[in-house]
There are 4 protein chains.
Amino acid sequence: MWLRVDPRRSKPLYQQIVDAVKEAVAKKVLEEGERLPSVRELAASMTLNPNTVAKAYQELERAGVIEVIRGRGTFVAALGAKKDHARRLAAMQELIKQVWIEAQHLQMSHDDLLSFVQHTIAEWDREKGRDGK
Amino acid sequence: MWLRVDPRRSKPLYQQIVDAVKEAVAKKVLEEGERLPSVRELAASMTLNPNTVAKAYQELERAGVIEVIRGRGTFVAALGAKKDHARRLAAMQELIKQVWIEAQHLQMSHDDLLSFVQHTIAEWDREKGRDGK
Amino acid sequence: MWLRVDPRRSKPLYQQIVDAVKEAVAKKVLEEGERLPSVRELAASMTLNPNTVAKAYQELERAGVIEVIRGRGTFVAALGAKKDHARRLAAMQELIKQVWIEAQHLQMSHDDLLSFVQHTIAEWDREKGRDGK
Amino acid sequence: MWLRVDPRRSKPLYQQIVDAVKEAVAKKVLEEGERLPSVRELAASMTLNPNTVAKAYQELERAGVIEVIRGRGTFVAALGAKKDHARRLAAMQELIKQVWIEAQHLQMSHDDLLSFVQHTIAEWDREKGRDGK
DNA sequence: GTGGTCTAGACCACC
DNA sequence: GTGGTCTAGACCACC
């Protein structure tokens with residue numbers, strides 16, 4: 001199963017679901033148009049409250065990751081359909097800034113940091129190739 | 001002043017302080033051994049609750065960013081002295097993973113992502129050169 | 001075809017049908033006395049559940065937009081025949097109120113709002129001239 | 001009190017709260033920076049569940065109408081600070097379209113519709129002058 | 001004190 | 001069947 005949540009982590013459960021779905025979609029473990037388990041199914045299988053799952057699904061819909069079709073179910077949205085392009089790039093820059101700050105504290109050189117990032121990204125690219133159907 | 005906090009942001013105030021100090025140290029706006037304002041001074045000048053500042057300082061000390069010397073004050077720790085090297089690298093990888101996931105959702109190619117990251121890092125390097133004393 | 005529905009929109013499918021028919025009648029794409037497809041025909045051609053179409057038709061009949069004549073079919077009602085004149089005006093005022101509230105939040109001046117409304121209405125008048133048979 | 005909700009209406013309670021707050025802000029019954037009742041206070045005074053009020057407040061914050069300051073309370077945001085300008089204008093146009101459609105069904109002339117709209121808007125402007133502090 | 005999260009479980013609209 | 005809303009009430013982080 002592509003979804004694991006852990007109530008002991010400080011990250012809220014619904015947020016863990018959101019992040020896990022985003023990750024699965026990014027890795028193509030979940031593909032465009034694929035149906036997600038229903039709120040009740042997922043809640044039952046993860047022993048979570050349906051409200052918690054519903055909150056996660058609503059957040060994912062707002063983010064444009066999934067599409068909810070009333071009475072029918074929930075599906076992975078088209079990747080290209082994402083809105084807020086500018087805001088998303090800004091969020092990425094903010095994350096990269098954090099990486100950069102951490103690197104300074106570790107006294108990594110510019111080149112060390114860059115190769116560390118390259119290495120990590122390459123690893124995720126490989127992971128995507130492996131997991132994607 | 002290197003410290004700006006905004007109570008309207010969703011990030012907790014204490015965390016904003018922590019992040020701002022880390023950033024200032026990374027940019028060398030605050031230098032090794034430099035004295036930080038006391039909890040009370042900072043709280044008064046920023047109209048913050050002293051508890052909030054104290055919590056931030058505790059977190060910073062645990063992270064090895066500052067050192068509290070009883071009776072003398074609070075100082076920026078040596079950069080090289082950071083512990084938990086492995087854990088910090090893992091945290092960086094986690095951040096990079098998030099960047100990677102977001103890039104997949106924006107359908108950025110491997111090369112687009114890499115040049116975006118390089119560009120952003122280069123910007124922060126320049127910023128450091130400019131702000132550092 | 002004057003009818004387009006999209007299951008991904010949050011507006012219920014039956015409501016989308018209702019609104020589309022009202023719009024087509026207002027634009028004279030559908031004219032007084034014109035025959036509408038039967039519930040089954042429409043459901044089949046749009047791959048909708050017949051219950052959904054039937055619910056829409058019931059709503060349209062209650063609103064006086066269409067007339068169902070047993071054994072003969074469903075027809076666009078006479079425009080002048082609408083009942084509940086007062087209730088309809090009240091509904092329009094409610095919609096205008098919502099427009100007004102939104103305008104305040106956007107800090108539009110009285111004149112800006114008025115010309116925005118005039119402009120938008122004029123556009124629909126033109127559209128009607130173009131689409132009407 | 002500027003807030004009235006009615007569980008018998010089909011509009012969800014949380015949405016009624018959202019709309020009422022937007023209206024109060026538009027009329028300047030609630031002014032920039034003014035404090036709203038806390039989630040618990042409002043829930044108690046309206047005999048609603050705190051979750052319902054919390055959901056409304058979260059929606060209002062997302063819409064940029066209010067600002068939540070952690071641990072301190074909830075305040076009316078600056079009117080000028082609204083985002084999504086383009087999307088909001090589109091939503092207004094959609095509402096005006098509905099007004100126009102209804103007018104066609106009532107066989108109102110272009111001029112009748114325009115003066116009806118002007119009259120209604122003028123009424124709300126007066127209401128704002130009266131209620132605003 | 002404040003709002004945010006979560007469980008448990010009812011009821012409803014839509015399809 | 002599906003997701004959306006709502007109540008009731010616990011617990012938590014933040015200030």
Side-chain angles (χ1 to χ4, degrees), chain A residues 5 7 9-17 35-44 46-61 66-75, chain B residues 5 7 9-17 43 47-56 59, chain C residues 5 7 9-17 43 46-56, chain D residues 5 7 9-17 35-44 46-61 66-75:
Chain A
V5 296
R9 296 186 56 191
S10 65
K11 192 193 278 186
L13 287 170
Y14 83 91
Q15 189 66 52
Q16 293 184 41
I17 299 171
R35 193 176 188 282
L36 292 170
S38 78
V39 168
R40 281 165 179 72
E41 277 167 19
L42 194 54
M46 309 255 80
T47 28
L48 291 172
N49 189 287
N51 280 328
T52 303
V53 178
K55 184 168 185 178
Y57 275 22
Q58 280 169 18
E59 185 108 336
L60 283 163
E61 191 183 23
I66 64 176
E67 278 173 351
V68 175
I69 303 190
R70 345 232 319 140
R72 287 213 234 154
T74 302
F75 304 83
Chain B
V5 295
R9 292 187 55 190
S10 64
K11 192 192 279 187
L13 284 173
Y14 84 92
Q15 190 64 52
Q16 291 185 42
I17 300 171
T47 34
L48 291 169
N49 190 314
N51 290 329
T52 305
V53 179
K55 182 165 184 180
E59 185 110 334
Chain C
V5 295
R9 293 187 56 190
S10 65
K11 191 192 279 187
L13 283 174
Y14 84 91
Q15 190 65 51
Q16 292 185 42
I17 300 171
M46 307 251 77
T47 35
L48 291 169
N49 190 314
N51 291 328
T52 305
V53 178
K55 181 165 186 181
Chain D
V5 295
R9 295 185 57 190
S10 66
K11 192 193 280 186
L13 287 170
Y14 83 91
Q15 189 65 51
Q16 292 184 40
I17 299 172
R35 193 176 188 283
L36 292 170
S38 78
V39 169
R40 281 165 179 72
E41 277 166 20
L42 194 55
M46 309 254 80
T47 27
L48 292 171
N49 189 286
N51 279 329
T52 303
V53 178
K55 183 168 186 178
Y57 275 22
Q58 280 170 19
E59 184 107 338
L60 283 162
E61 191 183 23
I66 64 176
E67 279 171 351
V68 174
I69 304 190
R70 345 234 315 141
R72 288 213 233 153
T74 302
F75 304 84

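Predicted model, so just to flag it, every value in this text is computed and none were measured.
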Response to the item:
Assign each of D:Thr47 and B:Asn51 the nucleotide of DNA chain F bearing its closest heavy atom; nearer the 5' end lies the nucleotide of D:Thr47
Worksheet, complete the sentence: DNA chain F nearest-nucleotide lookup for D:Asn49 and B:Leu13: closer to the 5′ end is D:Asn49
Worksheet entry | Heavy-atom pair of closest approach, residues D:Arg72 and B:Leu13 | NH2-CD1, 4.5 Å
Discussion item. Using Watson-Crick or G-U wobble geometry with both distances under 3.5 Å, which nucleotide pairs with E:dC14?
Written reply: F:dG1
Practice prompt. Any chance you could measure D:Leu36, atom CG, to D:Leu60, atom CG, to the nearest 0.5 Å?
Written response: 8.0 Å
Item to complete: Under 4.0 Å between any heavy atoms, over every strand shown, what does C:Leu48 touch: base, sugar-phosphate, or nothing? Just pick one.
Response: nothing
Worksheet entry | Euclidean distance, atom CG of residue A:Leu42 to atom P of F:dT2 [Å, nearest integer] | 12 Å
Worksheet item: Just how far, in rounded Å, is C1' of E:dT5 from OH of D:Tyr57?
Response: 19 Å
Discussion item. Is D:Thr52 close enough to F:dT7 that one of its side-chain N or O atoms is under 4.0 Å from OP1 or OP2 there?
Written reply: yes
Practice prompt. Scan A:Gln15 against the nucleic acid and name what it touches under 4.0 Å (heavy atoms): base, sugar-phosphate only, or nothing.
Written response: nothing
Worksheet item: What is the distance from atom CD of B:Gln16 to atom OG of B:Ser10, rounded to the nearest 0.5 Å?
Response: 8.5 Å
Item to complete: Would you give the length of the straight line joining atom OG1 of A:Thr74 to atom CD of A:Glu67, rounded to the nearest 0.5 angstrom?
Response: 10.0 Å
Item to complete: Could you tell me the separation between the CD1 atom of A:Ile17 and the C1' atom of E:dT7, rounded to a whole number of Å?
Response: 13 Å
Worksheet item: Counting side-chain heavy atoms from C-beta on, which of E:dT7, F:dT2, E:dC14 comes nearest to A:Ser38?
Response: F:dT2
Discussion item. Does F:dT2 have OP1 or OP2 under 4.0 Å away from a side-chain N or O of A:Thr74?
Written reply: no
Worksheet item: In whole angstrom, what separates D:Phe75's CZ from E:dT2's P?
Response: 11 Å
Worksheet entry | Between E:dC14 (P) and C:Lys11 (NZ): distance, integer Å | 13 Å
Worksheet entry | N/O donor-acceptor pair, side chain A:Arg40 with base F:dG3, under 3.5 angstrom | yes
Practice prompt. Using the closest heavy atom to pick a nucleotide of DNA chain E for each, name whichever of C:Tyr14 or A:Val53 lands nearer the 5' end.
Written response: A:Val53
Worksheet entry | Whole angstrom value for the distance that separates P of E:dT2 from CG of D:Leu36 | 13 Å
Worksheet item: Contact class for A:Ser10 (heavy atom, under 4.0 Å): base, sugar-phosphate, or nothing?
Response: nothing
Item to complete: Please report, rounded to the nearest Å, how far the C1' atom of E:dT2 is from the CD atom of D:Gln58.
Response: 13 Å
Discussion item. Output the rounded distance in Å from NZ (D:Lys55) to P (E:dC6).
Written reply: 15 Å
Worksheet item: How is A:Ile69 classified with respect to the nucleic acid when contacts are heavy atoms under 4.0 Å: base, sugar-phosphate, or nothing?
Response: nothing
Worksheet item: Of A:Pro12 and A:Gly71, whose nearest nucleotide on DNA chain E comes first from the 5' end?
Response: A:Pro12
Worksheet, complete the sentence: Correct closest heavy-atom pair for B:Gln15 and B:Glu59 would be OE1-OE2, 4.0 Å
Practice prompt. Give one of base, sugar-phosphate or nothing for D:Gln16, where a contact means two heavy atoms less than 4.0 Å apart.
Written response: nothing
Fill in: A:Val5 vs A:Ile17 side-chain heavy atoms within contact, under 4.5 Å
yes
